[in-house]
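All remarks here apply to the structure that follows.
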Amino acid sequence: MGVDLSELVEDIKRELSFGELKGKKISIDAYNALYQFLAAIRQPDGTPLMDSQGRVTSHLNGIFYRTISILEEGVIPVYVFDGKPPEQKSEELERRRKIKEEAEKKLDQLKKEGSTEARELKKYSQMSIRLTNEMAGESKKLLELMGIPTIQAPSEGEAEAAYVNSLGLTWATGSQDYDSLLFGATRLVRNLTITGKRKLPKKDVYVEIRPELIELSDLLKKLGITREQLIDIAILIGTDYDPDGVKGIGIKTAYRIIKKYGKIENAVEKGEIPKQKITFNVEEIRSLFLNPKVEKPNTDLELKDCDEKGIEELLIKQHDFSEERVKNAIERLKKAKREAKGAERQKGLDQWF
DNA sequence: CGGCCGCA
DNA sequence: TGCGGCCGG
């Protein structure tokens with residue numbers, strides 16, 4: 001699930017109000033967002049929302065209503081969809097697939113036994129969440145009907161989101177994962193697709209979740225390293241391309257080593273890291289972050305009018321959404337888009353006056 | 001997760 | 001009018 005850099009960003013991350021995001025475009029990793037909706041939009045026993053034919057609809061529910069809320073805050077989302085993952089990720093994807101399969105078996109077993117243990121049922125439902133190509137495709141279709149810009153990445157969505165951001169086409173990337181920083185995003189906004197209050201596990205305490213901003217330049221300055229070196233730290237603790245990293249090296253040690261030796265190869269040469277502990281091709285993985293497969297988007301990333309009939313057909317007719325709620329939401333969508341476009345124009349004018 | 005209703 | 005809880009699909 002991406003590289004955990006939370007300990008490194010602790011001092012430079014900054015909470016944002018939505019006001020600061022008004023009129024700004026954010027390239028959002030669509031898979032990351034969809035996955036969160038699938039995980040969060042569930043009944044107490046872990047069952048996701050489904051239509052009358054038993055097809056999961058939690059992702060559509062989340063994408064539809066959450067995107068409208070984001071727009072109402074003046075943020076213009078650009079959703080970036082994954083293409084074909086690089087070969088070096090296949091081992092990790094296979095590992096995740098196996099874990100899900102096991103969880104599915106366990107869940108079936110519990111259900112067959114007639115278990116009413118909500119906690120257990122929820123745990124294994126969460127673990128067996130699958131985001132299929134069909135679900136992603138339908139979400140993309142819905143966004144297009146809503147007139148929200150989407151990008152099809154040639155490979156990793158996170159890399160493409162970072163690329164369009166580095167081109168200046170968006171103000172920041174949006175994801176819960178830190179990987180876009182490794183891919184060269186100038187800014188990362190977390191907690192964009194989860195907000196409001198969240199219950200702490202096992203406690204009756206609610207915490208406010210707010211968007212938070214991490215600027216790559218601030219992070220590198222604070223740590224006194226380059227992006228290449230940040231990538232080396234990530235490789236040592238483990239990325240999607242080398243999930244185990246180097247056994248025994250955590251984030252603090254990784255930072256210390258890279259600060260002292262500059263790069264992984266030097267640390268190995270000086271005997272700081274035993275050579276046999278590097279079980280992957282460092283140069284190759286580093287290159288996946290430095291030169292990922294990306295391309296310039298062939299659309300203008302602007303908000304378009306929405307296809308109301310199309311949205312109604314997809315959500316109401318095909319997936320049993322409530323007609324009243326959907327029509328209501330479409331009105332909010334149209335209003336929010338008019339205002340968001342206005343805010344973006346205003347932002348453009350601010351540069352001149 | 002968000003919408004929406006009931007309740008103070 | 002703001003918050004808590006239940007339902008949505």
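None of these values were measured; they are calculated from a predicted model.
- OP1 or OP2 of dG3(B) lies within a sub-4.0 Å distance of a side-chain N or O belonging to R332(A).
- Side-chain N/O atoms of T239(A) and D242(A) include a donor and acceptor closer than 3.5 Å.
- Remark: C1' of dG8(C) and CD1 of I68(A) are 15 Å apart, rounded to the nearest angstrom.
- The nearest whole Å value for the distance from the CG atom in L34(A) to the C1' atom in dC1(B) is 13 Å.
- Of the charged side-chain nitrogens involved, none lies within less than 4.0 Å of a carboxylate oxygen, so that K141(A) and E144(A) do not count as a salt-bridged pair.
- Nucleotide dG2(B) holds its C1' atom 15 Å from the CG atom of L333(A), rounded to whole Å.
- At whole-Å resolution of the value, CG in L38(A) and C1' in dG9(C) are 13 Å apart.
- Less than 4.0 Å separates DNA chain B from at least one heavy atom of each of the following residues of residues 312-328 of chain A: R325(A), N328(A).
- Here the P atom of nucleotide dC7(C) and the CG atom of D45(A) are 13 Å apart, to the nearest Å.
- Between the side chains of Q36(A) and N32(A), at least one donor N or O lies within less than 3.5 Å of an accepting N or O.
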| Can Y241(A) and F289(A) be said to form a ring pair (Phe, Tyr, Trp, His ring centres under 6.0 Å), step by step? | CA-CA 10 Å; Y241(A) 311 127; F289(A) 287 109; 5.3 Å; yes
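- Between the C1' atom of dC1(B) and the CG atom of N32(A) lies a distance of 14 Å, rounded to the nearest Å.
- Screening residues 100-148 of chain A for ring-ring contact (aromatic ring centres under 6.0 Å, His included) gives no qualifying pairs among residues at least two apart or on separate chains.
- Rounded to whole angstrom, the span from the CD atom of Q43(A) across to the P atom of dG5(C) amounts to 18 Å.
- Between F321(A) and F64(A), the ring-plane angle classifies as perpendicular under the 30° and 60° cut-offs.
- Considering only side-chain atoms of I41(A), the nucleotide from dG2(B), dG9(C), dC1(B) that sits closest is dC1(B).
- Distance CE (M135(A)) to C1' (dG9(C)): 13 Å, rounded to an integer number of Å.
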